[in-house]
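One structure is given below, encoded as structure tokens.
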There are 2 protein chains.
Amino acid sequence: MSLPRAKLVKNFPGCPVEATLTYLDGKWKGVILFHLMQGTLRFNELRRKLPAVTQRMLTKQLRELEESGLVSRTVYPVVPPRVEYAMTPLGMTLEPVIQALAAWGDDYVFCSPEGRELRLASDGLRAPIAALEA
Amino acid sequence: MSLPRAKLVKNFPGCPVEATLTYLDGKWKGVILFHLMQGTLRFNELRRKLPAVTQRMLTKQLRELEESGLVSRTVYPVVPPRVEYAMTPLGMTLEPVIQALAAWGDDYVFCSPEGRELRLASDGLRAPIAALEA
DNA sequence: GTACGTAGTACCCAAAAGGATACTGTAAAA
DNA sequence: TTTTACAGTATCCTTTTGGGTACTACGTAC
């Protein structure tokens, strides 16, 4: 039973939530999808949007997304190489999901200016946006 | 930079998608939230819904959800012990997110009867539901 | 008197995820 | 002539995650 999460299904009988999360699982997949949702990007363009990712990790995550069929990879046989990543039609169907995730993040997750911690504010105690800019 | 994913924020500047995923990250959180969304459950009730989870893991995931403020834990000082887990008001705000995840899972992820693999069907090639019941 | 159900802990171990660093080849730019 | 950009690989290592097993306390049922 020590299988990678992505291969496990029978543990979550009939749970479509976990089924979906399986495809979003991976440290950079969320951000990658978020950016590609807004348009095709080349490898290094994407890399510049993710300051802390290493080449190895970015490649790995992209390959997994490609294997899932959510992202397409197009290689132009030129020198220097040109490789473009884009959402597939299937990937596009994730839009409402990404939207929902983004909306919740915007509404309930706050990052301190130092960028160290996530904070959740409950309904009433919603921190004013100004507090973030101080 | 080798920090647990949950503590990393500066790697994902302004990405609310990752911010949200941070809280859903963990092998059993998705299913747990899915079930608690439908009502309060005791520890062992939840355990029975997740055939493969171990006590240790269930406890761990619940504690993390509690720490995030998404789930509440109520202990009744009786013997044998009675502990109830429920969504907090904040946790409830995740409903549209869970809904979106569940909807996508229902529409695009297919599990073979053997429960071994996940399959994605693209728009047109949508497998008939009957195929699952054969 | 033994077993069962409740809700856990403690301890140890394997697997997976993620990260650091160095390396590739070509062409154009400096 | 050296450097830069491109899009990666390869190798090694650490951290994190998740799982296995055994153990606790208490009261009730058999």
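So you know, we letter chains A, B, ... as the sequences are listed, proteins then strands, and number each from 1. Hydrogens, waters and symmetry mates are skipped; everything else that's a heavy atom, side chains included, is used.
When heavy atoms are screened at a 4.0 angstrom cut-off, B:Tyr76 is found touching no nucleic acid atom at all. Heavy atoms of B:Gln61 sit under 4.0 angstrom from primed sugar atoms or phosphate atoms, though from no base atom.
A:Glu64 has its CD atom 15 Å from the P atom of D:dG8, to the nearest Å. If you take CZ of B:Arg47 and P of C:dT6, they are 9 Å apart, rounded to a whole angstrom. What separates CZ of B:Arg82 from P of C:dG5 is a distance of 17 Å, to the nearest Å. A:Glu84 has its CD atom 9 Å from the P atom of D:dA7, to the nearest Å. Whole-Å rounding puts the A:Asp25 CG to C:dA16 P distance at 13 Å. One atom, NZ of A:Lys29, and another, P of C:dA16, lie 15 Å apart when rounded to the nearest Å. Atom CG of A:Leu41 and atom C1' of D:dA7 are 15 Å apart (whole Å). We find that CZ of A:Arg42 is positioned 7 Å from P of D:dC6, with the value rounded to whole Å.
Out of D:dT9, D:dA7, D:dC26, the shortest distance to the side chain of A:Arg63 is found at D:dT9. Considering only side-chain atoms of A:Thr54, the nucleotide from C:dG18, D:dA7, C:dG19 that sits closest is C:dG19. With D:dG18, C:dG18, D:dG8 as the candidates, the nucleotide lying closest to the side chain of A:Phe43 is D:dG8. Of the candidates C:dG19, D:dG8, D:dG18, D:dG8 carries the atom nearest the A:Thr59 side chain, counting heavy atoms from C-beta on. Side-chain proximity of B:Asn44 to the nucleotides D:dG8, C:dA7, C:dG18 is greatest for C:dA7. Distances were taken from every side-chain heavy atom of B:Pro80 (C-beta onward) to each of C:dA7, D:dG27, C:dG5; the shortest belongs to C:dG5. Considering only the side chain of B:Gln55, C:dG8 comes nearest among C:dG8, C:dG19, D:dA7. In this structure, of C:dG8, C:dG18, D:dG8, it is C:dG8 that holds the atom nearest to the side chain of B:Arg73. Ranking C:dG18, D:dG19, C:dT6 by closeness to the B:Lys27 side chain, first place goes to D:dG19.
Both A:Pro81 and B:Tyr85 lie close to DNA chain C; mapped to their nearest nucleotides by heavy-atom distance, the more 5′-ward contact belongs to B:Tyr85. Residue A:Val75 is the one, among B:Val79 and A:Val75, whose nearest nucleotide of DNA chain D lies closer to the 5' end (criterion: closest heavy atom).
How far CG of B:Leu70 is from CE of B:Met92: 11.5 Å, rounded to the nearest 0.5 Å. In this structure, NZ on A:Lys27 lies 12.0 Å from CD1 on A:Ile32, to the nearest 0.5 angstrom.
No donor-acceptor contact under 3.5 Å links the side chain of A:Arg56 to the base of D:dG8.
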The test is side-chain contact (heavy atoms from CB on, under 4.5 Å); show your working for A:Tyr23 and A:Leu94 and say whether it passes. CA-CA 10 Å; A:Tyr23 291 94; A:Leu94 272 174; 5.9 Å; no

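B:Ala100 and A:Val97 make their closest contact through O-CG2, 3.6 Å (heavy atoms, listed as atom of the first residue, atom of the second, distance).
Put simply, B:Tyr76 and B:Leu36 are part of two different groups of oily side chains (I, L, V, M, F, W, Y) that touch within less than 4.5 Å, one to the next.
The pair A:Glu84-A:Arg82 counts as a salt bridge, with a side-chain nitrogen and a carboxylate oxygen less than 4.0 angstrom apart.
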